[in-house]
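One structure below.
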Amino acid sequence: MLVYAISVVYITYLAFRDAAISFETWTALIWVLTAFNSVHAMQKSFSRDAGYRHIYLYQLVAPQALMLGKLIYNILFNILVVGLTFLLVVFFIGLPEEADTDWGTIIYVLITGAAGFSAVLTFVAAVASRTGNNPGLMAILSFPLLLPLILTQVPLTLQCIDPQLLIDQGMLAVAPALTVLAATLGYLLFPYLWRD
């Protein structure tokens, strides 16, 4: 995953190395790379639990415990992936000129975004694994479910780096609320999926 994240950010750097990047372009790059790396990282969450391993886990643990364990692991792993992606973008591409970065808020936005992506993608990976691990299915199902989170995080990130914009304090509470909602729904619905 580390090599994958570095190579994706480096290819992006090669495309933008001589260009002056606007605040909007930089924000779009951060979240496109974050979404791409998150989907790739979460894609195999349940793929190894097929066949005999599924039967073994079915008898060994409660479905809620399995979902909670995978969710916690995926949130921590995705925070690491998103943090690494952000650091690589800052290292290779840098910040836009005249950026006035609110580091505390941008770290909060990245962590809540990573946790939200993990909550949604963990359940989507569980659905995809029960339908034969079709990678296309995960991409198709995840986009509409991630859209509310993306529509929250992108403007917040832009507000964190653009000195002419004020940070919308109300939006700062939306991302954790979406994360809790997605995690709760996944936790409640997973046992029905697990029994099939």
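Please read these numbers as outputs of a predicted model, since none were measured by experiment.
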ILVMFWY network linking [X] to [Y], side-chain heavy atoms under 4.5 angstrom:
X: Leu80; Y: Tyr108; answer: no
X: Leu172; Y: Leu165; answer: yes
X: Leu156; Y: Val32; answer: no
X: Ile6; Y: Val8; answer: yes
X: Leu68; Y: Val180; answer: no

Is any side-chain heavy atom of [X] less than 4.5 Å from a side-chain heavy atom of [Y]?
X: Leu71; Y: Tyr187; result: no
X: Phe23; Y: Pro163; result: yes
X: Val124; Y: Val120; result: yes
X: Leu121; Y: Asn74; result: no
X: Tyr73; Y: Thr122; result: no

Just verifying a value: how many Å separate [X] [atom1] and [Y] [atom2], rounded to the nearest 0.5 Å?
X: Thr105; Y: Trp103; atom1: OG1; atom2: CH2; result: 12.0 Å
X: Ile107; Y: Cys160; atom1: CD1; atom2: SG; result: 10.0 Å
X: Phe86; Y: Leu29; atom1: CZ; atom2: CG; result: 12.5 Å
X: Ile111; Y: Ile79; atom1: CD1; atom2: CD1; result: 5.5 Å
X: Phe91; Y: Tyr10; atom1: CZ; atom2: OH; result: 10.5 Å
X: Tyr13; Y: Ile93; atom1: OH; atom2: CD1; result: 9.0 Å

Which atom pair, heavy atoms only, marks the closest approach of [X] to [Y]?
X: Gly113; Y: Trp31; answer: CA-CH2, 4.0 Å
X: Ala119; Y: Ala182; answer: CB-CB, 3.8 Å
X: Ser22; Y: Pro96; answer: O-CG, 4.0 Å
X: Pro144; Y: Ile140; answer: CD-O, 3.2 Å
X: Gln64; Y: Pro191; answer: NE2-CG, 3.4 Å

In terms of heavy-atom contacts, does CZ of Phe36 have more than 12 from other residues, nucleotides or ligands at under 6.0 Å?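 It does not: Phe36 CZ has 12 such atoms or fewer within range.
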Side-chain donor-acceptor contact under 3.5 Å, Ser118 with Asn78: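 A donor-acceptor contact under 3.5 Å links the two side chains.
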Qualifying residue, where the test is side chain to side chain contact (heavy atoms under 4.5 Å, CB included) with Thr152 and the options are Thr112, Val109, Leu178, Thr157: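 Testing each of Thr112, Val109, Leu178, Thr157 against Thr152, the sole residue satisfying side chain to side chain contact (heavy atoms under 4.5 Å, CB included) is Leu178.
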Step by step, work out the ring pair (Phe, Tyr, Trp, His ring centres under 6.0 Å) result for Phe190 and Phe123. CA-CA 7 Å; Phe190 183 71; Phe123 185 69; 7.2 Å; no
Scan for side-chain hydrogen bond (donor to acceptor under 3.5 Å, both in side chains) pairs involving residues 158-184, sequence neighbours excluded, and state none if there are none.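 Qualifying pairs, neighbours excluded: none.
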Which residues pass the side-chain hydrogen bond (donor to acceptor under 3.5 Å, both in side chains) test with Asn37, sequence neighbours left out?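 Residues passing side-chain hydrogen bond (donor to acceptor under 3.5 Å, both in side chains) with Asn37: Thr85.
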